[in-house]
J.: 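Have a look at this one before I ask anything.
Letters go in sequence order (proteins before strands), and every chain restarts at 1. Keep in mind that this is a model prediction, so the values were computed, not measured.
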2 protein chains.
Amino acid sequence: MSRTEQNGAGRRRPPTIHDVAREAGVSRGTVSRVLNGGHNVSPAALEAVQSAIRRTGYTVNRHARSLITGRSDSVAFLLTEPQERFFEDPNFNVLLRGCTAALAAHDIPLLLMIAGTEAERRRNMRYIAGHVDGVLLVSSHSGDPVAAQLHEAGVPLVACGKPLGQGSRVSYVAADDRNGARDMVRFLHGSGRRRIATVTGPLDTPGGVDRLAGYRETLTECGLPVDEALIVPGDYSRAGGEAAAALLLERAPDVDAVFVASDLMAQGVLSTLERAGRRVPQDVAVGGFDDSPAALSARPELTTVRQPWDRISAEMVRVLLAQIGGEDPAAVILPTELVRRDSA
Amino acid sequence: MSRTEQNGAGRRRPPTIHDVAREAGVSRGTVSRVLNGGHNVSPAALEAVQSAIRRTGYTVNRHARSLITGRSDSVAFLLTEPQERFFEDPNFNVLLRGCTAALAAHDIPLLLMIAGTEAERRRNMRYIAGHVDGVLLVSSHSGDPVAAQLHEAGVPLVACGKPLGQGSRVSYVAADDRNGARDMVRFLHGSGRRRIATVTGPLDTPGGVDRLAGYRETLTECGLPVDEALIVPGDYSRAGGEAAAALLLERAPDVDAVFVASDLMAQGVLSTLERAGRRVPQDVAVGGFDDSPAALSARPELTTVRQPWDRISAEMVRVLLAQIGGEDPAAVILPTELVRRDSA
DNA sequence: AAAGGCGCTGTGAGCGTTCACAGTAGAGAA
DNA sequence: TTCTCTACTGTGAACGCTCACAGCGCCTTT
């Protein structure tokens with residue numbers, strides 16, 4: 001009966017550190033020490049407290065703890081992309097999942113915040129300052145002032161992808177876009193292609209810039225001329241890929257390979273090429289970038305450059321936690337990998 | 001100089017309710033009343049406090065508030081699907097975005113928790129009890145005990161999709177799967193198809209069961225026999241769709257339409273059909289379900305049944321907040337809509 | 001034998017709020 | 001005038017935790 005009243009549907013107030021202390025026959029202080037690493041606690045007391053915790057089903061009240069420590073033991077995942085891209089891009093799923101899991105291993109919950117509109121951005125900024133220990137930032141457009149604002153406010157911060165524009169020392173983790181692009185172009189060249197075009201990403205994103213740079217360099221390196229007619233701007237979207245391919249076919253009908261800066265755009269390119277009667281890969285080879293699920297759902301399946309999203313998320317969390325712990329900002333660049341399938 | 005020290009990079013401790021009270025020339029109590037609705041506060045005091053808040057840049061310390069109120073003013077989005085589905089299914093993005101936005105409007109942050117493994121599940125359960133005001137649950141498999149556990153623990157809870165199996169009164173929001181399926185089958189029949197097959201979802205999910213039920217009913221209603229050879233089980237994955245279609249062609253080569261219980265599976269069906277030399281929609285009409293981005297990236301573009309994800313997320317949040325506010329659990333079923341494209 | 005150090009323990013204070021209560025002043029009713 | 005009621009205001013006491021400090025034995029050293 002009293003048991004039922006304590007644990008049953010009655011929703012009794014949860015046990016506190018006092019209850020545990022009484023149950024274990026020690027003081028609050030000792031329980032607290034056990035909770036925070038167990039230093040300077042005798043083996044007997046340690047055992048007594050741990051057993052009492054188990055018996056009472058005690059869980060630390062994080063609000064009370066945060067109130068005094070000033071830490072919140074939580075982290076925000078902040079997305080400042082316009083929402084469309086979030087929907088379309090399957091990479092975010094992987095990234096989000098990875099970050100959640102990596103944080104969970106440290107018992108740190110992830111707060112998801114999306115700042116599409118200006119109002120949302122303001123709200124999130126207000127929330128973050130003082131309510132969150134650090135921020136995992138996903139925002140590639142250089143016009144985005146969020147990174148600078150957070151950095152200035154002294155909030156520990158790790159960006160996914162190199163924050164373009166500002167020279168300020170903010171941490172980031174990124175795939176090696178430039179070398180990934182080089183691998184792909186080198187591969188296309190190696191398979192005999194000579195009129196290699198590219199559909200770029202937005203040129204106000206580091207990915208867009210670096211992949212294009214890799215493309216240019218490799219062409220020169222291979223002794224091919226860099227023909228500006230073969231360089232078509234894209235926006236990472238499927239529709240953008242379709243339009244870019246149409247423009248490309250018009251400007252350079254003799255194209256025999258396209259390096260597309262994202263898989264989603266590559267899908268669009270494939271679709272335009274098909275409608276134009278070009279066979280892939282026989283007439284035109286198509287190389288993507290990301291190795292997202294879109295690469296597998298494309299027909300033919302995409303030869304692409306794999307971004308190591310699992311490692312990226314793990315590194316982002318590692319760097320962020322280190323920074324929260326007082327270490328200096330850091331930049332991490334992770335290698336990509338060429339994945340051969342059917343489109344090139 | 002003193003200003004700089006207070007607001008600059010020095011990271012002074014943030015203003016508290018005391019600072020605001022002093023600045024406004026009132027007491028803590030009055031400031032608190034302003035913060036919580038402003039009842040029983042004179043216009044003069046209200047104005048003074050609001051101005052003081054603006055001048056000091058005060059933000060309420062949610063930890064302190066939570067400590068005394070017992071509320072956390074946060075909500076968990078709990079995903080107990082095995083991770084693969086989360087990655088593949090573009091619907092989750094829309095749902096997640098919708099929930100985040102709807103909660104943000106109430107200034108409530110969303111904690112993302114993923115419980116793929118048993119360890120993760122235990123950790124999350126421990127966290128949820130006492131740290132979160134309510135849970136938005138995404139988990140369709142009936143074997144999942146999480147819903148029951150949470151409900152028993154008295155945690156306000158809204159499931160996405162009807163929790164199968166347990167009769168317990170837990171809130172949920174779902175699309176009208178049965179009627180959606182009926183609309184599609186009726187449409188296929190109306191366009192002259194007579195050998196209408198179906199690839200089902202997993203039959204331990206409510207969506208799988210109800211869509212199949214709608215299929216069966218409508219066939220009978222249209223005076224068509226229900227041929228068990230035309231009913232092939234699927235698993236909501238693209239690969240599952242490919243396999244199901246292969247099996248179907250073997251069992252019933254004369255099939256002239258397929259109602260597929262998800263767009264992703266429909267992509268797989270399309271791909272198998274193409275390889276088998278069947279033209280879509282001329283030889284075989286294909287209808288999907290979800291109207292996810294996958295429907296648009298399919299070739300031909302999928303005729304499908306649109307699930308109102310934006311409304312689903314909004315309703316989930318509404319029902320959850322109502323329940324946190326003390327109202328009774330509720331079930332909400334939202335209508336679907338047939339979207340005509342090229343595959344049927 | 002006294003002094004010093006070390007390992008362990010308990011205690012008080014305080015983190016920033018909200019809530020219940022008590023108190024004040026002014027308006028209206030008797 | 002006096003009383004009551006209402007609208008507003010201020011004050012102490014929590015909420016559950018961590019942290020700094022002081023105290024107490026006990027072992028080692030001089």
J.: Just the rounded figure in Å: distance from C1' of dG16(C) to NE2 of His18(B).
T.: 8 Å

J.: Tell me whether the side-chain N or O atoms of Arg28(B) pair up with the base of dT18(C) as donor and acceptor below 3.5 Å, since no angle test is needed here.
T.: yes

J.: Is the shortest heavy-atom distance from the side chain of His39(B) to the side chain of Arg33(B) under 4.5 Å?
T.: no

J.: Look at Ser27(B) and dG10(D) and indicate whether a side-chain polar atom (N or O) is within less than 4.0 Å of OP1 or OP2.
T.: yes

J.: Picking from dT17(C), dC8(C), dC19(D), which would you name as closest to the side chain of Arg71(A)?
T.: dC19(D)

J.: Measure the distance from OH on Tyr58(B) to P on dG16(C) and round it to the nearest whole Å.
T.: 10 Å

J.: Using a strict threshold of under 4.0 Å (side-chain N to carboxylate O), is an ion pair present between Glu120(A) and Arg97(B)?
T.: yes

J.: If you compare every side-chain N and O of Ser32(A) against the phosphate oxygens of dT18(D) (OP1, OP2), does one of them come in below 4.0 Å?
T.: yes

J.: Provide, to the nearest angstrom, the distance between the CD1 atom belonging to Ile68(A) and the P atom belonging to dG14(C).
T.: 11 Å

J.: Start at the 5' end of DNA chain D and walk down; is the nucleotide closest to Thr59(A) or to Ala45(B) reached first?
T.: Ala45(B)

J.: How close or far is atom C1' of dT17(C) from atom CZ of Arg33(B), stated in whole angstroms?
T.: 14 Å

J.: Which of these nucleotides, dT9(D), dT18(D), dT17(C), is closest to any side-chain atom of Ile17(A)?
T.: dT18(D)

J.: Closer than 4.0 Å, any side-chain N/O of Thr69(B) to the OP1 or OP2 of dC19(C)?
T.: no

J.: Remember a base hit wins even if backbone is also touched, and classify Asn61(B) as base, sugar-phosphate or nothing at under 4.0 Å, heavy atoms.
T.: sugar-phosphate

J.: Just one of Leu103(A), Val173(A), Leu321(A), Val332(A) clears the side-chain contact (heavy atoms from CB on, under 4.5 Å) bar with Met316(A), so which one?
T.: Val173(A)

J.: Answer yes or no: does a side-chain N or O of Asn36(B) lie under 4.0 Å from OP1 or OP2 of dT18(C)?
T.: yes

J.: Please determine, for the side chain of Leu67(A), which listed nucleotide (dG16(C), dA20(C), dT17(C)) has the closest atom?
T.: dG16(C)

J.: What is the separation between atom CG on Asn40(B) and atom P on dG10(D), rounded to the nearest whole Å?
T.: 13 Å

J.: Using whole Å, what does the distance between atom P of nucleotide dC15(C) and atom CZ of Arg13(B) come to?
T.: 8 Å

J.: Tell me which one of Glu315(A), Glu327(A), Gln323(A) satisfies side chain to side chain donor-acceptor pair (under 3.5 Å) with Ser171(A).
T.: Gln323(A)

J.: Nearest whole angstrom, please: distance from the P of dG16(D) to the CG of Leu35(A).
T.: 15 Å

J.: Please work out if Arg62(B) contacts a base, only the sugar-phosphate, or nothing of the nucleic acid, heavy-atom cut-off 4.0 Å.
T.: nothing

J.: Between Arg28(A) and Ser32(A), does the side-chain hydrogen bond (donor to acceptor under 3.5 Å, both in side chains) criterion hold? Intermediate values first, please.
T.: CA-CA 6 Å; Arg28(A) 277 163 26 227; Ser32(A) 177; over 6 Å; no

J.: From CG of Asp73(A) over to P of dT18(D), roughly how many Å is that when rounded to an integer?
T.: 10 Å

J.: Is the phosphate of dC8(D) approached by Thr30(B) (side-chain N or O, under 4.0 Å from OP1 or OP2)?
T.: no

